[in-house]
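First the structure, in the form of structure tokens, and then the observations on it.
Everything numeric in this text was worked out from a predicted model, so none of it was measured. Order of the sequence lines sets the chain letters (A, B, ...), proteins ahead of strands, with each chain counted from 1.
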Amino acid sequence: MKLTLYNSLTRRKELFEPQNPARITLYNCGPTVYSHAHIGNARAAVVVDVLFRVLRHIYGGDHVVYVRNITDVDDKIIAAATEQGMPISGITEKYARIYNEDLAALNCLPPTHQPRATDHISHMIGMIGTLLDKGFAYEADGHVFFDVSTYDDYGKLSGNRLENLRSGDRIGEGEAARKRNEADFVLWKPELGGVGWDAPFGRGRPGWHIECSAMVRATLGEVIDIHCGGVDLKFPHHENEIAQSCCANNRTTFARFWVHNEFLNMDSGKMSKSLGNVIPIRDLLGDWDGEVIRLALLKAHYRSELIWTEDLLRESKAQLDGWYRVIEKAVSLGMDRDMRDARPDEKFISTIENDINTMEFLSGLECLKTRFFGEVEKKERLGEHTPGHEIFISILNPFVFMAGFLGFLRSDPQEWFKGGRDTDRFDRRVRDYDNARAQAVAAKKSGNEAKTGELFRRSDTIREELQSEGIIIETGPDGSSWRQT
RNA sequence: GGCACCAUGGCGGAGUGGUGACGCAGCGGACUGCAAAUCCGCGUACCCCGGUUCGAUUCCGGGUGGUGCCUCCA
């Protein structure tokens with residue numbers, strides 16, 4: 001059980017050793033809740049979810065503290081509230097709820113804590129006060145800025161050197177003129193649209209970065225084990241978090257490991273609102289099972305760009321169908337009760353412990369699937385229709401555990417293959433199909449060729465009719481059943 | 001201008017100094033009236049040029065091509 005992670009801070013893979021094995025601290029930058037989360041947000045969440053599961057497996061479920069915040073104070077939220085004529089809290093409550101529902105549908109485990117920025121304003125004010133007292137920040141007309149020239153390590157995470165940073169073109173209104181250095185960033189700014197809190201340095205609201213520093217310290221401590229987020233957050237957000245936290249806490253380290261996931265893009269290019277190719281998770285969930293979306297998100301290494309296409313989803317669905325056939329077959333062989341005792345196979349888990357290599361893990365899973373059907377087929381060819389205990393122990397058991405470990409195979413196979421379709425009607429048509437076939441076989445035996453052909457044609461007609469409705473008939477030794485495509 | 005990253009079969013995508021995972025699609029065969037599912041088998045894939053080496057897709061150098069960040073963004 002040796003977890004290695006690529007640490008963005010050092011730019012290489014490192015063996016992960018927690019500060020305290022009884023309390024692993026994991027922080028993930030959560031969403032700003034002003035609209036629906038999109039599939040790119042989902043990727044970031046699913047990647048951390050897998051890391052969370054791996055950590056829980058190694059150190060025990062009670063020893064990993066996973067914090068994913070909700071940012072519920074932000075200019076975009078104020079704008080959305082104004083636009084929709086809703087109170088701020090109405091907007092934030094609504095989209096925070098939807099975010100959590102969407103991630104639950106993707107089978108992401110809930111974080112241990114989900115702090116809200118507005119519940120930590122006092123912590124932010126305290127931290128800003130400390131930075132001012134220590135001379136790392138300065139006030140200017142109701143604003144408080146962090147002075148990057150006071151922090152020597154500024155730029156270490158992103159690899160940027162202060163002198164190479166281009167000045168931003170889209171900093172907040174009136175901020176540029178008040179800054180001492182172009183790269184200084186705002187910690188506190190004046191009230192906007194009635195959104196503000198009283199503070200020693202004037203009534204106002206927090207800048208973007210301070211909330212994470214405050215929430216991390218309040219919920220996890222001054223030095224945490226792992227901090228996650230999308231690559232785009234590396235600079236400036238995470239860089240600024242490090243600067244604030246280290247200076248306020250008088251520490252040289254803020255997060256020991258930085259884990260950044262790459263972007264998810266559309267085949268038409270970068271996902272962006274101006275291109276109109278942003279896909280909300282919610283929309284996808286209307287067309288695809290959450291497990292299909294989850295698998296699609298895990299079909300590339302988290303540090304590689306993932307191109308999101310319809311084909312990727314189709315492929316993921318096909319792959320999951322294969323896994324559910326394993327369960328379906330096992331159930332039909334009477335192995336369902338056994339599967340509850342599924343246990344881990346450390347050999348497989350070690351593949352994912354190598355910097356969250358989900359691909360190699362899935363490869364192992366597929367090999368188990370192939371072995372399962374191979375062994376079952378071998379037995380059946382020998383006329384044995386009861387599976388051996390060894391198939392259960394060495395194949396099915398690890399297969400079920402591994403799939404569950406990654407957050408798959410939650411559904412019943414019946415439910416998976418039939419979904420919400422019109423069960424009674426299709427059951428009836430499949431019975432008609434089987435009757436016609438049985439009669440055709442009987443007619444064939446009695447040598448009535450004309451009747452044989454006619455009955456087979458009748459059964460074929462039923463099959464084609466169902467096919468046009470997206471239903472496929474599968475015929476086994478005990479009669480036929482159906483599934484949706 | 002600065003800083004990173006990537007280049008594998010039809011597609012997606014791991015990995016390794018020495019018989020090139022895995023998935024999807026495809027092909028051949030078994031089974032089957034047909035179909036589906038399953039099983040068995042198949043495909044001479046590692047951007048180019050040098051170097052190191054007995055041997056490189058894997059290491060080093062150069063080139064070409066692509067991407068990201070430096071500005072709100074997962």
inquiry  = Would the base of B:A37 count as contacting A:T475 through its side chain, where contact means a donor and an acceptor less than 3.5 Å apart?
reply    =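 Side chain to base: no pair below 3.5 Å.
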request  = Mark yes or no for a side-chain to base donor-acceptor pair under 3.5 Å between A:E366 and B:G23, with no hydrogen or angle criteria applied.
outcome  =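 No pair found.
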Counting any heavy atom closer than 4.0 Å, what does [X] reach on the DNA or RNA strands: base, sugar-phosphate only, or nothing?
{"X": "A:Y433", "value": "base"}
{"X": "A:R325", "value": "sugar-phosphate"}
{"X": "A:K76", "value": "sugar-phosphate"}

task = In whole angstrom, give the distance that lies between atom CD of A:Q319 and atom C1' of B:C24.
result =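 Checked: the CD to C1' distance equals 8 Å.
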task = Would you indicate which nucleotide in B:C11, B:A14, B:C22 comes nearest to any side-chain atom of A:H301?
result = B:A14
Distance, P atom - from B:G50 to B:G2, rounded to whole angstrom =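 Nearest-Å result for B:G2 against B:G50 at atom P: 30 Å.
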message = Distance check, C1' atoms only: B:A25 and B:G63, in whole angstrom units.
response =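 B:A25 and B:G63 have their C1' atoms separated by 35 Å.
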task = Could you check A:K329, A:K418, A:R483 and say which one makes a salt bridge (Lys or Arg N to Asp or Glu O under 4.0 Å) with A:E474?
result = A:R483
inquiry  = I'd like to check the side-chain hydrogen bond (donor to acceptor under 3.5 Å, both in side chains) partners of A:W482; sequence neighbours left out, ordered by chain and number.
reply    = A:D427
Close approaches to RNA chain B from residues 456-466 of chain A, in residue order (heavy atom, under 4.0 Å) =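 By residue number: A:F456, A:S459, A:D460, A:R463.
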